Trainee: 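Just passing along the structure, written as structure tokens.
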Amino acid sequence: MSQLKFPDGFLWGAATASHQVEGNTTNDWSEWEKQNADRLAQEAQSKFGHIKYWERLRPEAEDPMNYISGEACDHYHRFREDFDIAKSLHHNAHRFSIEWSRIEPTEGVFDEKAIAHYRDVLSALHERGITPFVTLWHWTLPLWLRDKGGVASKQFPAYFERYTRHVVGKLHDQVKFWIPLNEPTSIIAGAYTTGQWPPQKKSYITAYRVYHILADAHKRAYAAIHDIDPDAKVGLANLLHSFEPYHEHSFFDTLMIRFSHFFTNEYFLRLTRGTHDFLTAQYYFHNRFKFPRKVHLGDKPINDLGWEIYPKGIYNILKELAEYNLPIYITENGLADAFDDQRLDFIRDHLLWIHRAIAEGVDVRGYFYWSLLDNFEWDKGFWPRFGLVGVDYEDQERIVRKSALFYAEICKNNALEIKGD
Ligand code: BGC
């Protein structure tokens with residue numbers, strides 16, 4: 001056995017997002033779910049019938065209630081218990097998001113009880129020696145803002161700045177790391193390019209506009225946070241894809257990759273250049289292009305959602321990010337694996353590649369597995385299980401998975417044990 005050491009002070013933890021874990025939120029998604037649950041349940045077989053454990057997962061995926069976030073993990077009430085688990089697993093950092101619809105349920109009216117709740121959440125983390133990374137917007141919108149056009153509204157950056165100033169003004173003494181926006185490109189793709197997520201408005205023109213609106217929102221939030229706390233560290237949670245042409249020398253496959261790479265990995269960073277204290281990587285997808293579409297090769301390992309598992313992709317991404325010369329945190333990386341038979345290898349193999357990037361000089365400073373808990377996976381509902389910790393939604397029991405214990409050893413030792421010298 002030998003040990004691969006990570007840099008001193010490396011942050012180890014997991015991430016969550018308000019709508020996916022808290023329970024009882026009222027926002028654009030919670031309303032959309034009610035209207036779409038039956039349809040999503042009916043479509044499940046055609047979307048996921050090919051996956052390995054489909055027959056076991058199918059009853060849940062075909063139940064319309066699976067698509068209603070409802071009580072979720074009741075993390076809103078159980079955060080202390082959940083953070084006890086994170087601490088017992090030797091996490092020293094945790095990423096979570098603040099639910100805008102709780103803070104500003106009515107336009108311009110801020111709920112101080114909601115702020116007090118998040119102060120309690122932050123205190124609970126600090127009491128356990130866990131460094132918080134706080135996301136201000138993880139996709140959900142208060143209903144009043146949905147009605148004004150949401151992220152497609154020209155006013156969005158101004159509304160976001162007002163909300164940011166309020167939250168950061170109240171919480172800055174407890175937070176050093178802020179992430180204004182989670183994965184702008186996912187929302188642009190989900191809501192406006194493919195038209196599958198609320199508000200399901202498929203339009204390339206709107207998608208293009210939303211890039212600029214969200215970039216402006218990020219820049220205004222960056223400035224606002226630094227106005228309030230010049231020492232704060234601000235970064236964007238960015239979904240980054242790994243790419244591979246089907247035919248190595250195909251002009252058209254390579255062209256597709258250039259185009260897709262530009263709009264997923266690069267464009268938003270370009271639009272917001274100069275307003276990042278750190279960069280992030282959120283890595284889930286390895287895309288193989290055979291002109292004119294993506295292909296899935298039957299012999300590659302996939303997770304419960306059919307997404308290819310390709311650990312080297314994270315290395316490719318980190319090497320690209322290194323060119324920006326900023327510290328990097330991996331703020332999401334994980335998989336849906338209901339029976340926990342791939343997660344341990346997934347974590348080990350991704351960390352091997354991350355370690356290789358660090359050894360080659362890339363300044364990676366932390367890793368947050370997605371997710372601490374099983375949770376509500378947006379338009380797929382509860383059946384995909386991403387958690388280090390399983391959740392029994394009948395009684396909210398938490399079940400620590402064996403992969404979580406494996407990850408805990410890494411967090412404790414700040415090192416990965418590998419076979420051989
Ligand atoms: C999102 C999470 C989501 C995860 C898995 C990320 O893109 O930030 O909210 O649950 O992917 O799909």
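Heads up: numbering here begins at 1 and tracks the sequence. All ligand and atom numbering here is 1-based and tracks the order in the structure. Fair warning: this is a prediction, and the values are worked out from it, not measured in the lab.
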Trainee: Provide, to 0.1 Å, the distance between atom 3 (C) of ligand 1 and the closest protein heavy atom, together with that atom's residue and name.
Mentor: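 Looking only at protein heavy atoms, the one closest to atom 3 (C) of ligand 1 is Glu377 OE1, 3.6 Å.
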Trainee: Give a yes or no on whether the ring-centroid distance for Tyr208 and Tyr204 is below 6.0 angstrom.
Mentor: no
Trainee: Taking only heavy atoms of Glu183, which atoms of ligand 1 are found under 4.0 Å from at least one of them?
Mentor: 1 (C), 6 (C), 7 (O), 8 (O)
Trainee: So, is Gln20 polar-close to ligand 1, with some N/O to N/O distance under 3.5 Å?
Mentor: yes
Trainee: Among all protein heavy atoms, pick out the one at the shortest distance from atom 4 (C) of ligand 1; state its residue, atom name and that distance to 0.1 Å.
Mentor: Tyr284 OH, 3.4 Å
Trainee: When you check the side-chain N and O atoms of Gln174 and His126, is any donor under 3.5 Å from an acceptor?
Mentor: no
Trainee: What orientation do Trp383 and Trp54 show, parallel under 30°, tilted 30 to 60°, or perpendicular over 60°?
Mentor: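 If you compare the ring of Trp383 with that of Trp54, the planes turn out perpendicular.
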Trainee: Among Thr264, Thr185, Asn287, exactly one meets side-chain hydrogen bond (donor to acceptor under 3.5 Å, both in side chains) together with His241. Which residue is that?
Mentor: Asn287
Trainee: Among Asp227, Thr275, Thr164, Asp277, which one satisfies side-chain hydrogen bond (donor to acceptor under 3.5 Å, both in side chains) with Tyr222?
Mentor: Asp277
Trainee: Which value, rounded to the nearest 0.5 Å, describes the distance between Arg365 atom CZ and Ile330 atom CD1?
Mentor: 13.0 Å
Trainee: Purely on distance, is any nitrogen or oxygen of Trp139 under 3.5 Å from one on ligand 1?
Mentor: no
Trainee: So if I count the atoms of ligand 1 from 1 in the order they appear, which ones are less than 4.0 Å from some heavy atom of Asn182?
Mentor: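 Numbered from 1, ligand 1 contributes 8 (O).
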Trainee: So which heavy atom in the protein is nearest atom 1 (C) of ligand 1, and how far is it from that ligand atom?
Mentor: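 The answer is Glu332 OE1, 3.3 Å.
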Trainee: Please could you name the atoms of ligand 1 that His138 approaches to less than 4.0 Å, counting only its heavy atoms?
Mentor: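 Those of ligand 1 that fall under 4.0 Å from His138 are 1 (C), 2 (C), 8 (O), 9 (O).
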Trainee: Trp307 versus ligand 1: do any nitrogen or oxygen atoms come within less than 3.5 Å of each other?
Mentor: no
Trainee: Going by side-chain hydrogen bond (donor to acceptor under 3.5 Å, both in side chains), Ser403 matches just one of Asp340, Asp341, Asp337, Asp345. Which one?
Mentor: Asp340
